[in-house]
2 protein chains.
Amino acid sequence: MLKGHQTWVFENKPVLISSAAVGGPFEGQGALSDDFDLLHEDIWLGQDSFEKAEKKLMEDACEIAIRKGGMKKEDIQFFLSGDLMNQIISSSFTARTLGVPFLGLFGACSSAMEGLAIAAQLVDSGFADNALAAASSHNAAAEKQFRYPTEYGAQKPPTAQWTVTGAGAGLVSKQGNGPRITSATIGRVIDMGLSDPFNMGGAMAPAAVDTLQQHLHDLNIHPSHYDLIATGDLGKVGHQIAGDLLSEHGFNIPSNVLTDCGLLIYKKHQPVFSGGSGCGCSATVTYGHFMNRMRRGELKRILVVATGALMSPMSYQQKESIPCIAHAVSFEI
Amino acid sequence: MLKGHQTWVFENKPVLISSAAVGGPFEGQGALSDDFDLLHEDIWLGQDSFEKAEKKLMEDACEIAIRKGGMKKEDIQFFLSGDLMNQIISSSFTARTLGVPFLGLFGACSSAMEGLAIAAQLVDSGFADNALAAASSHNAAAEKQFRYPTEYGAQKPPTAQWTVTGAGAGLVSKQGNGPRITSATIGRVIDMGLSDPFNMGGAMAPAAVDTLQQHLHDLNIHPSHYDLIATGDLGKVGHQIAGDLLSEHGFNIPSNVLTDCGLLIYKKHQPVFSGGSGCGCSATVTYGHFMNRMRRGELKRILVVATGALMSPMSYQQKESIPCIAHAVSFEI
């Protein structure tokens, strides 16, 4: 059911019956290492390319989520997935492995919540019994494609972010035990004219704020409705901007409520500049850390506002600014 | 409502209240030139890059579809779109222009029907009143990204296909006049081990057949249910293979029923090798030619099986085979 302009309210409250987070070695040294289902010590994951390593991350996350949900892949009706690789090859090749009907998505780093929103919508409306959503990123694959191969040792400014090597997957079902998905807000593209690919957090912050405000407006609720509101990968710079923008608009959300996946995933001493980013950032933090906290009863109601910068190296070279988007999904237990 | 494993049946039969097809100069010389709403004589569309030209094609198609539907962009609740460009920049930048909540998709050349399937599902289930689906491709932008800049004059084998310069958009609504969308079958990835990017039609044919067979099975219907069954962009080579595979499986579909958008769009003397391809191929032929034929009463029930090759230049260089997919949407008037 549609409420307001951009928000879907799921009357049947589909259940996230299981989820999985898989990471690389750097994530294993991070602040949330206990929340990963699987941590690889080898950034290559035994593959001969970083692209194949990313596919393996996603295959692992999907396999674990399906197993934790007590299902077989034959039980999954639809697989919804996106990633940062050109032509989303991580998702497409994982879909080949799974053999499940596949809806490929691209929302850059918002892909995790874009996929989960549609999966929940399909289950809520009775168009699916079980749907699997996933998203992934790999630091070295993303650096190579979007910037420079990491072997070049290129310098970065402090506003830059560190692409998470990780994949998250969530299995949505009509019934079962687990956090329930209560609503989703589909974002529109916001572009404030920023064009610096080393300051994605700053570019994406207005999109996160726009979607969050629309969500609150559509549902006629206050931020205090949630125990936690987490943006996807704004990092330190973008998080500060988002907080300032929200204050200007009359929303003073306490710092123990408003957080960012890119701020949570790594330890302070890790050299990640402004924080974590990539499709794998909000995917692993949501499907690992947040869902674990909900299952333990530490959080009752949360909202994840995954952010995405919808540019390409080509659009940057052609001096376009960065169109940004954010999709929000709410959970309760 | 879900029927069978992969097919959504739309009980409320959402209406395609309007659609638009926009093309380039080569399409203007093609067999279906009368079915385009707008034909550009300049392959650059007045822009300074082929990528920006492709965005303009899509913006044009969306604007025309919205206008023909008697709406304003503010009336559109969701925009679902995909294209072939890295990070689907044609779609994302068009979403920026429209300012409508955006679900970015990637299904390669199947994107047109992937977007339309989800748009129809959202409207059918009451999660949207009006949703716009679009897809685009540009010959020179695609050649540059996937193969060689056209200025190089690289030779091609006869199995190669010609990427359509065009964009199509369709506006789906709860009520109104126009062809009704009755069902959609979401495809799974089929990979028969082919790895030749100059024979996409051959690689994609088994995926088209798989989705078509699943569609017939799920709905328990015979191909004769349809006046026309059109695959997306198999071209001569893939069309022949698809026909052979269907015959082997007991489906002898008459040649006046089973066709392919890539065979229809150009004239015989145009040097397009095996036929047309690209997201813009099934998008323009469906939203232009087929919908015009339906509105004229020449076709009552049709099925469009849009095909996609989910590879990237990187996956090809890493010697991966080509995962293929097809999504089908049925229309009736």
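Annotation: maximal heavy-atom pairing with chain B below 4.5 Å, among A/N86, A/I325, A/T97, occurs at A/N86. Contact count versus chain B (heavy atoms, under 4.5 Å) is highest, among A/P313, A/G187, A/G107, for A/G187. With respect to chain B, the highest number of heavy-atom pairs below 4.5 Å among A/A117, A/G82, A/S92 belongs to A/S92. In terms of non-hydrogen atom pairs under 4.5 Å with chain B, the most contact-rich of A/G99, A/S110, A/P323, A/A108 is A/P323. Here A/L103 is the residue among A/D48, A/L103, A/D191 with the most heavy-atom pairs under 4.5 Å with chain B.
Separation of atoms CD1 (B/I118) and CG (A/L105) is listed at 6.5 Å; rounding is to 0.5 Å. For the atom pair CD (A/Q87) and OH (B/Y316), the distance works out to 15.0 Å, reported to the nearest 0.5 Å. Distance check: B/I190 CD1 to A/R96 CZ gives 11.5 Å after rounding to the nearest 0.5 Å. Atom CD of B/E51 and atom OG of A/S312 lie 7.5 Å apart (nearest 0.5 Å). In this structure, CZ on A/F106 lies 10.5 Å from OG on B/S91, to the nearest 0.5 angstrom. Atom CD of B/Q121 sits about 4.5 Å away from atom OG of A/S125, to the nearest 0.5 Å.
Scanning both residues, A/H5 and B/F78, for their nearest heavy atoms gives O-CZ, 4.2 Å. Nearest approach of B/Q318 to A/S49, heavy atoms of both residues: OE1-OG, 2.8 Å. The minimum heavy-atom distance between B/W8 and A/F127, with the atom names listed, is NE1-O, 3.3 Å. Contact detail for A/L310 and B/I89: the closest heavy-atom pair is O-CG2, 4.1 Å.
The number of heavy atoms from other shown groups lying within 6.0 Å of NZ (B/K13) does not exceed 12.
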| request: Could you walk me through whether B/F93 and A/V189 pass the side-chain contact (heavy atoms from CB on, under 4.5 Å) test, one step at a time? | output: CA-CA 8 Å; B/F93 283 82; A/V189 172; over 6 Å; no
| task | Starting from the C-alpha separation in whole Å, work towards a yes-or-no answer on side-chain contact (heavy atoms from CB on, under 4.5 Å) for A/Q145 and B/M314. | result | CA-CA 10 Å; A/Q145 180 182 279; B/M314 180 69 74; over 6 Å; no
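No side-chain heavy atom of A/I186 sits less than 4.5 Å from a side-chain heavy atom of B/F102.
Proximity to chain B involves both the backbone and the side chain of A/A95, based on heavy atoms less than 4.5 angstrom apart. There is no contact between A/S90 and chain B, counting heavy-atom distances below 4.5 Å. The part of A/L84 that comes within reach of chain B is its backbone (N, CA, C, O), which places non-hydrogen atoms under 4.5 angstrom from that chain. Of the two parts of B/S321, the backbone and the side chain both hold a non-hydrogen atom closer than 4.5 Å to a non-hydrogen atom of chain A.
Between the A/Q77 side chain and the B/Q6 main chain, no donor and acceptor come within less than 3.5 Å of each other.
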